Structures are given as structure tokens and as C-alpha cells.
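For clarity, every value in this text was computed on a predicted model and none was experimentally measured. The figures here come from the full heavy-atom set of this structure, side chains too, leaving out hydrogens, waters and symmetry mates.
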Amino acid sequence: MGLFEGVRAGFRGTIHTLCRPTVTGLENVPTGGPFIIASNHLSFLDSIIIQAICPRPVAFFAKAEYFTTPGLKGRAMKAFFESVGSIPVERGEQAASVAALDALVDLLEDGQGVGIYPEGTRSRDGRLYRGRTGVGWLALSTGAPVVPVGLVGTEKLQPAGSNRITPRKFTLTVGEPLRFDHVGRKHPLPQRRQATDAIVDAIAAITGQERSGNYNQSPSAE
């Protein structure tokens, strides 16, 4: 935990110094107990930003290759993502995705905070895409409050397809927690879809993004 907090504090200071973000609503993050951060997704840096700025630690998914890349660079990447509490997941594999959600459940049942992007992957055109129902399943299975987060402008920090990071102002807004019935892991799909749609609606109300009724797809899936 000491390393985790040190990494968070270091990135938080760097972000505030270089980007001068506008941050509001941090008081909406519960001071105790489990919680789920549900955010829109515009940049590779979004998870790092949320993990650094949120007043409590937040565990996010990260691509498994960030933990398995060989060489010095690979070891450095693995150390970083482990230090900020990221959870490796094989993208596009159903069994791995289910196991990853189970890992989030374990953290929530331990009273910790987790983060998830309902869209599944970054929006490359700035629109807010239809939510995948993993976030609804997580909320209904655990009863943890869902804290909607809206990011505006983070796509300018590192445009899609670029490895260059350029400091820019951005906005991070934390909305009021949403609470759903704790019905356990076995619940009807329509209930899960309803919860997911309510969560994405709350994010949209914060960001003002144009909505898309379609699911977002990563470039590799197109």
C-alpha cells in the first residue's frame, strides 16, 4: 500500500502541475466500503488519471500484455501497472472477461474500490457508446454503489494511435452515487440492461457527449 500511495501521489502531483485539470465532485466518492467507478473512456491515460486523482484507490482492468511484455520495458510496465492496482485481462476472450469480473467482485467484497468503462474500449470519435452489461452485473451482484465519472478533454493528452503525451487541460467530474438492489449474481438480463443504461445515462448527463446506440468496437475487432 505504501508503494501504491507513493505512485498515486507522484502522478497526482504531475497531473495537477502539467495539466491543471478542473476536478469536481470528489466528495461523492464514498469514504468507506466498496464502490464502483463507472467512467466514459477517451484516452489510454484515463485509468491513470482516475487512479491518481480519486481520493481512494481504484482497481482497473489493464491489457494482459502490459504484464507479460518481455525485456526491461516489459518489467517496467508490469511494475507500474501492479503498483497502481491494475488487473490483467485478456481482451476479447469471454472466459477471461468473466474471470476478470469475478476478480472485481472479490475486491468489492473486501470493501475496496474498482473502476470499469461501460463502453468497453476507448471512444475514438468522442461519442458515448452503448454500455456493455458487465457494469450492471457488477452493481446488482454486489450491491456496491456506482459512482459515475465524466472525463472531458483527455483525448487531447494522447490522441488515438499516438505514443506522444502532450499536457492539456481536462475536466474530471464525479457524479452522485447510484444505488441498485443487491440481487446477487443470478438475475434477469433485462434488469442488468436497465441498470447499465441508467449508469450510462448518468455519465452522459455529466459529459454532454453525443450518444451512439451501438456498441463500441476496438480497431482490432473491426
Side-chain angles (χ1 to χ4, degrees), residues 1 4 25-26 28-41 46-47 50-51 54-64 67 81-82 84-123 128-151 174-206 213-218 221:
M1 185 59 69
F4 185 102
L26 291 180
N28 289 320
V29 177
T31 57
F35 65 97
I36 302 165
I37 293 286
S39 175
N40 63 324
H41 196 12
D46 290 343
S47 298
I50 293 172
Q51 286 172 314
C54 186
R56 290 179 59 195
V58 181
F60 271 94
F61 291 145
K63 292 189 291 187
F67 295 81
F81 283 103
E82 286 182 342
V84 295
S86 298
I87 301 169
V89 60
E90 295 285 352
R91 299 295 176 92
E93 295 189 11
Q94 183 65 26
S97 297
V98 171
L101 283 174
D102 283 338
L104 294 188
V105 170
D106 290 342
L107 291 173
L108 290 169
E109 290 180 344
D110 194 41
Q112 299 183 49
V114 305
I116 191 169
Y117 299 114
E119 295 171 277
T121 190
R122 282 176 286 168
S123 171
L128 184 65
Y129 283 81
R130 191 181 191 203
R132 299 180 183 275
T133 58
V135 65
W137 180 87
L138 200 60
L140 295 170
S141 296
T142 66
V146 179
V147 182
V149 168
L151 295 166
V174 182
E176 295 185 3
L178 305 174
R179 300 183 184 277
F180 301 92
D181 292 336
H182 184 186
V183 298
R185 299 190 181 204
K186 295 183 178 180
H187 52 263
L189 179 58
Q191 189 176 13
R192 192 183 315 163
R193 167 50 59 191
Q194 184 178 23
T196 299
D197 289 346
I199 293 165
V200 176
D201 286 346
I203 296 171
I206 295 172
N214 299 322
Y215 291 116
N216 197 6
Q217 300 289 338
S218 65

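Taking all atoms of both residues into account, the shortest heavy-atom contact from G150 to I206 is CA-CG2, 3.8 Å. Scanning both residues, R192 and W137, for their nearest heavy atoms gives CG-N, 3.4 Å. Taking both residues in full, the closest heavy atoms of V146 and A38 are given as CG1-CB, 3.8 Å, listed atom of the first, atom of the second, then distance. Scanning both residues, I50 and Y117, for their nearest heavy atoms gives CD1-OH, 4.4 Å. Looking at every heavy atom in both residues, A62 comes nearest to F67 through CB-CE1, 3.9 Å. Listed here is the closest heavy atom pair of G136 and A195: CA-CB, 4.2 Å.
Remark: Q194 CD is loosely packed, at most 12 non-hydrogen atoms of other residues, nucleotides or ligands lying under 6.0 Å away. By the 6.0 Å contact criterion, CZ on R179 is open, its count of non-hydrogen atoms from other residues, nucleotides or ligands being 12 or less.
Within the 4.5 Å cutoff, the side chain of S39 has no heavy atoms near those of the I203 side chain. Residues P34 and T142 form no side-chain contact, since every pair of their non-hydrogen atoms from C-beta on lies 4.5 Å or further apart. Inter-residue side-chain proximity for P145 and P30 is flagged as met; some heavy-atom pair is nearer than 4.5 Å. Between Q51 and I37, the closest side-chain pair of non-hydrogen atoms is not below 4.5 Å. Taking 4.5 Å as the limit, every side-chain heavy atom of V114 sits out of range of all side-chain heavy atoms of I87. A heavy-atom distance below 4.5 Å is not found between the side chains of V200 and V135. No side-chain heavy atom of F180 sits under 4.5 Å from any side-chain heavy atom of L138. Residues L128 and E119 have side chains in contact (heavy-atom distance under 4.5 Å, counting atoms from C-beta outward).
Note that CG of D102 and CD of E109 are 9.5 Å apart. Values are rounded to the nearest 0.5 Å. For the atom pair OG (S141) and NE2 (H182), the distance works out to 7.0 Å, reported to the nearest 0.5 Å. We find the CG-CD distance between L104 and Q112 to be 10.5 Å, quoted to the nearest 0.5 Å. Rounded to the nearest 0.5 Å, atoms CZ (R130) and OG1 (T196) are 9.0 Å apart. The NE2 atom of H41 lies 9.5 Å from the CG atom of L151; values are rounded to the nearest 0.5 Å. Here the CG-OG distance, from D46 to S123, works out to 10.5 Å after rounding to the nearest 0.5 Å.
Listed by chain and number, the residues in a side chain to side chain contact (heavy atoms under 4.5 Å, CB included) with D181 are V183 (sequence neighbours excluded).
No donor-acceptor pair under 3.5 Å is formed between the side chain of N216 and the backbone N or O of G120.
T121 and Y129 are not linked by any side-chain donor-acceptor pair at a separation below 3.5 angstrom, with hydrogens and angles left out of the test.
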